[in-house]
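Shown below is the structure under consideration.
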Amino acid sequence: MSQAPQAETFVFLDLEATGLPNVDPEIAEISLFAVHRSSLEHPERDEAGVPVLPRVLDKLTLCMSPTRPFTAKASEITGLSSEGLARCGKAGFDDTAAQTLRAFLGRQAGPLCLVAHNGFDYDFPLLRTELQRLGARLPAHTVCLDTLPALRGLDRAHSHATRAQGRKGYSLGSLFRRYFQAEPSAAHSAEGDVRTLLLVFLHRAAELLAWADGRARSWAHIAPMYAPPEAPSPEA
DNA sequence: TGCCAGGCCCTCTTTAGGGCCTT
């Protein structure tokens, strides 16, 4: 199917933003956990056999002041506000933030696979919009995996073979509760949701790695969520 | 002032409707 080489590092990411796509949102917080493929192929487990976060784990979390206001709902669920971010002296998603992101990704062994939940419809297009506005690029050959269609697809294939269960929730929180019989911690902070995403991935790691090897999409094929204001030039 | 997206999936579908999923 895909002729791209296997990703060497998987970068789990989550965005908190000023709203949903209908308001042309801006990123207010981004968190990324970079994990080498070997740590996903052989997940560490606790004494009960439950996957735990890999010991070798690079993290980057940045907060930034958006230029547009939060929707009431976005501010409510994230706990972020324009006033709070400005009070803490946070700059916007600017060249420095883009360079920091680029440097973080650049020190990981490539090729990279970005991983996000509902990423194809939310995180990846929004990140594309912000980077395009700055004329910034990601490392060459970066690909993207969305765990939402991946896990739905894996379960669908399995249920066809086993005539299994009915409709299930696939929100990140629902998946975590189903896999770990526990509440996710720090929901709707970017770092908390990345931690939850990584643990969900680890629960189905072998299947998701195989899915990524065959079906990950090129970052170059991710369209922006909306046209950024004053875009310098189209990005490759 | 109030409202706002959209691709995907499921089902008592397919000439459609409604819910999920992300903030």
Side-chain angles (χ1 to χ4, degrees), chain A residues 11-33 61-85 90 92-93 97 114-131 133 144-179 184 186-201 204 208 211 215-219 221-228:
Chain A
V11 181
F12 298 80
L13 74 90
D14 185 66
L15 306 178
E16 305 303 321
T18 56
L20 292 174
N22 56 307
V23 299
D24 291 359
E26 293 180 23
I27 297 172
E29 188 178 39
I30 182 171
S31 188
L32 308 99
F33 287 15
T61 298
L62 297 173
C63 291
M64 48 207 71
S65 293
T67 62
R68 275 172 280 188
F70 284 78
T71 65
K73 189 67 177 177
S75 193
E76 176 191 335
I77 66 173
T78 65
L80 296 171
S81 67
S82 298
E83 298 75 18
L85 289 160
K90 296 303 173 192
F93 198 118
L114 305 180
V115 184
H117 197 63
N118 203 28
F120 288 152
D121 286 335
Y122 191 79
D123 301 80
F124 302 142
L126 179 51
L127 182 59
R128 164 69 78 172
T129 289
E130 298 277 32
L131 293 177
R133 174 172 56 79
C144 303
L145 170 67
D146 185 341
T147 46
L148 175 59
L151 288 169
R152 277 177 170 159
L154 288 169
D155 285 350
R156 195 164 53 245
H158 187 257
S159 66
H160 285 165
T162 63
R163 187 173 169 69
Q165 65 281 43
R167 180 174 277 193
K168 297 186 293 191
Y170 284 87
S171 69
L172 188 59
S174 295
L175 290 164
F176 186 86
R177 282 186 285 272
R178 190 150 72 239
Y179 293 164
H188 287 299
S189 76
E191 185 163 340
D193 283 349
V194 177
R195 178 183 182 278
T196 299
L197 173 62
L198 175 49
L199 287 169
V200 164
F201 189 101
R204 306 284 296 271
L208 287 169
W211 187 280
R215 303 191 190 216
R217 294 186 194 174
S218 169
W219 170 256
H221 294 158
I222 300 295
M225 181 179 286
Y226 57 94

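Note that the structure is a prediction, hence the values are computed from the model and not measured. Reminder, nothing fancy here: chain letters follow the sequence lines and each chain counts from 1.
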Item to complete: Starting at atom CZ of A:Phe176, determine the distance to atom C1' of B:dC21, rounded to an integer number of angstrom.
Response: 19 Å
Practice prompt. Among B:dC21, B:dT23, B:dA5, find the nucleotide with the atom closest to the side chain of A:Glu16.
Written response: B:dT23
Fill in: A:Thr18 vs A:Asn22, nearer the 5' end of DNA chain B by closest nucleotide
A:Asn22
Worksheet item: Is a side-chain donor or acceptor of A:Arg178 paired with a backbone partner of A:Gly169 at a separation under 3.5 angstrom?
Response: yes
Fill in: Between B:dC9 and B:dT13 - C1' atom distance, rounded Å
12 Å
Item to complete: Please state how far atom CZ in A:Arg217 lies from atom P in B:dG7, giving the value in whole angstrom units.
Response: 11 Å
Practice prompt. For B:dG7 versus B:dC3, give the span between their P atoms, rounded off to a whole number of Å.
Written response: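 The answer is 24 Å between these two P atoms.
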Worksheet entry | d(CG, A:Asp155; P, B:dC8) in whole Å |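 Computing the A:Asp155:CG to B:dC8:P distance gives 18 Å.
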Worksheet item: When all nucleic acid strands are considered with a 4.0 Å heavy-atom cut-off, which category describes A:Asp146: base, sugar-phosphate, or nothing?
Response: nothing
Worksheet item: What integer distance in Å separates A:Asp121:CG from B:dC9:C1'?
Response: 12 Å
Worksheet item: Expressed in angstrom and rounded to an integer, what is the separation of A:Lys168 atom NZ from B:dC9 atom P?
Response: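 Result: 15 Å.
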Worksheet item: Has A:Arg152 got a side-chain N or O lying under 4.0 Å from the OP1 or OP2 atom of B:dC8?
Response: no
Discussion item. Between P on B:dG6 and CD1 on A:Ile222, what's the gap in Å once rounded to a whole number?
Written reply: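 Roughly 17 Å, once rounded to whole Å.
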Practice prompt. Mind calculating the distance between CG (A:Leu20) and C1' (B:dC3) to the nearest angstrom?
Written response: 14 Å
Item to complete: Take atom P in B:dG6 and the same atom in B:dG2, then report the distance between them in whole Å.
Response: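 Taking atom P in both B:dG6 and B:dG2, they lie 24 Å apart.
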Fill in: Separation of A:Thr71 OG1 from A:Leu20 CG (nearest 0.5 Å)
6.5 Å
Response to the item:
Out of B:dC21, B:dC4, B:dT23, minimum distance to the side chain of A:Ser171 belongs to B:dC21
Worksheet item: Between the main-chain N or O of A:Pro25 and the side-chain N or O of A:Thr18, is there a donor-acceptor pair closer than 3.5 Å?
Response: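 Not confirmed, A:Thr18 side chain does not pair with A:Pro25 backbone.
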Fill in: Nearest atoms (heavy-atom pairs only) where A:Cys63 meets A:Glu29
SG-OE2, 3.6 Å
Worksheet item: Base, sugar-phosphate, or nothing for A:Asp24, non-hydrogen atoms under 4.0 angstrom?
Response: nothing
Worksheet entry | Minimum-distance pair of heavy atoms, taken over all atoms of A:Asp14 and A:Ala190 | OD2-CA, 3.6 Å
Worksheet item: Stepwise, does the side chain to side chain contact (heavy atoms under 4.5 Å, CB included) test hold for A:Met225 with A:Phe124?
Response: CA-CA 8 Å; A:Met225 181 179 286; A:Phe124 302 142; over 6 Å; no
Worksheet item: Which value, in whole Å, describes the distance between the P atoms of nucleotides B:dG19 and B:dC4?
Response: 14 Å
Item to complete: Determine, for A:Asp155 against A:Arg204, whether the closest basic-nitrogen to carboxylate-oxygen distance falls under 4.0 angstrom.
Response: yes
Worksheet item: If we take the P atom in both B:dT15 and B:dC21, what is their distance in whole Å?
Response: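 Comparing P positions in B:dT15 and B:dC21 gives a spacing of 27 Å.
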Worksheet item: Could you give the CG-to-C1' distance, from A:Leu148 to B:dC9, as a whole number of Å?
Response: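 Spelled out: CG on A:Leu148 to C1' on B:dC9 is 10 Å.
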Discussion item. List the residues meeting side chain to side chain contact (heavy atoms under 4.5 Å, CB included) with A:Arg217, not counting sequence neighbours, and say none if there are none.
Written reply: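 Here the qualifying residues are A:Phe120.
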Worksheet item: Side-chain N or O of A:His188 less than 4.0 angstrom from OP1 or OP2 on B:dT23?
Response: yes
Worksheet entry | DNA chain B contacts among residues 75-84 of chain A, heavy-atom distance under 4.0 Å | A:Ile77, A:Thr78
Discussion item. Under 4.0 Å, counting only non-hydrogen atoms across every strand here, what does A:Leu126 touch: a base, just sugar-phosphate, or nothing?
Written reply: nothing
